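In what follows, a structure is listed as structure tokens, so that the remarks can point back to it.
Positions are given from 1, in the same order as the sequence printed here. Everything quoted here is computed from the prediction, not taken from an experiment.
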Amino acid sequence: MDENVRARLTAIFGTSGFDKTMAGLELLEAVGGRCKLRITVDEGVQNLFGSLHGGAIATIVDDAGTMAIMSGDRDGRPGVTTDLNVSYVSAAKAGEVVLIEANVLKTGRTMAFVAVDLRRERDGALVAQGRMTKFLTT
């Protein structure tokens, strides 16, 4: 991964505002419209039952999708989310590691479309799948 891309993404995500809740999100790869990350289900992202919180999953879809878009856009534009949906499939419990893979489906002049999968590392089971649309400002 290009170190300039890594530095920019690391500086943006998990450092301020609401995104501080995603401080445990580890960037593994971001290149050419693809992004891979990892997170451990710790107390900061758990629901009342000790599983990965649905709101945390939605935030991960948004953040991972944005990183994928930035890694593939020649201007590195993060865009503004216009649509985001998530299908919750199975749980990831406290202490488990979740792998995230975001792939840009299409980028145009002003719009980008991304798919994001979250899978348990231990067995590859799908935890959630999200789709996001971003408006790319000029």
Side-chain angles (χ1 to χ4, degrees):
M1 169 182 357
D2 181 286
E3 287 308 311
N4 291 330
V5 171
R6 178 184 288 280
R8 183 165 182 226
L9 293 176
T10 302
I12 293 171
F13 293 97
T15 59
S16 65
F18 183 77
D19 281 322
K20 280 185 183 179
T21 61
M22 294 293 114
L25 203 55
E26 179 187 356
L27 178 61
L28 303 175
E29 177 183 336
V31 63
R34 287 183 326 113
C35 183
K36 292 183 181 181
L37 303 107
R38 172 178 33 220
I39 193 166
T40 300
V41 181
D42 63 19
E43 188 177 331
V45 293
Q46 290 175 16
N47 62 22
L48 294 173
F49 306 105
S51 297
L52 186 58
H53 191 286
I57 291 171
T59 300
I60 289 168
V61 168
D62 194 20
D63 286 354
T66 300
M67 290 182 193
I69 290 168
M70 291 175 69
S71 78
D73 184 64
R74 67 178 179 183
D75 298 319
R77 299 173 293 172
V80 177
T81 304
T82 62
D83 181 63
L84 186 141
N85 70 70
V86 180
S87 296
Y88 301 95
V89 180
S90 60
K93 303 214 180 276
E96 289 191 300
V97 175
V98 176
L99 300 175
I100 302 110
E101 186 166 343
N103 292 292
V104 174
L105 302 172
K106 179 181 179 131
T107 301
R109 192 172 48 84
T110 60
M111 301 295 282
F113 305 87
V114 184
V116 181
D117 287 347
L118 288 82
R119 294 183 179 277
R120 286 191 306 248
E121 184 178 56
R122 69 175 163 86
D123 63 1
L126 187 65
V127 172
Q129 188 170 65
R131 295 272 176 135
M132 179 176 60
T133 305
K134 286 263 195 177
F135 172 71
L136 301 175
T137 58
T138 54

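In this structure, the separation between OG on S51 and CD on Q46 is 7.5 Å, given to the nearest 0.5 Å. Remark: L99 CG to R122 CZ distance equals 12.0 Å, nearest 0.5 Å. How far CZ of R131 is from CG of L84: 12.0 Å, rounded to the nearest 0.5 Å. Rounding to the nearest 0.5 angstrom, the gap separating the CG atom in L25 from the CE atom in M67 is 5.5 Å.
What you find for A92 and V98 is that their closest heavy atoms are CB-CG2, 3.6 Å. Of all heavy-atom pairs between I39 and G24, the closest is CG1-O, 3.8 Å. Considering every non-hydrogen atom in both A58 and Y88, the closest pair reads CB-OH, 4.2 Å.
Considering V127, L52, V97 in turn, L52 is the only one that fulfils the side chain to side chain contact (heavy atoms under 4.5 Å, CB included) rule with V41.
Proximity of L37 to L28: side-chain heavy atoms (C-beta onward) are nowhere separated by under 4.5 Å. Residues I69 and L136 meet the side-chain proximity criterion, which asks for heavy atoms closer than 4.5 Å.
Looking only at distances, no side-chain donor or acceptor of D75 sits under 3.5 Å from a matching main-chain atom of R77. Checking side-chain atoms of R120 against main-chain N and O of A91 turns up a donor-acceptor pair under 3.5 Å.
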### Task
Could you walk me through whether D62 and M132 pass side chain to side chain contact (heavy atoms under 4.5 Å, CB included), step by step?
CA-CA 7 Å; D62 194 20; M132 179 176 60; 3.1 Å; yes
For residues 100-119, tabulate all N or O donor-acceptor pairs below 3.5 Å that involve a side-chain atom, not counting sequence neighbours.
| unit_1 | atom_1 | unit_2 | atom_2 | d |
| --- | --- | --- | --- | --- |
| D117 | OD1 | Q129 | NE2 | 2.8 |
| R119 | NH1 | G124 | O | 2.9 |

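Taking D83 as the reference, nothing meets the salt bridge (Lys or Arg N to Asp or Glu O under 4.0 Å) condition, with sequence neighbours excluded.
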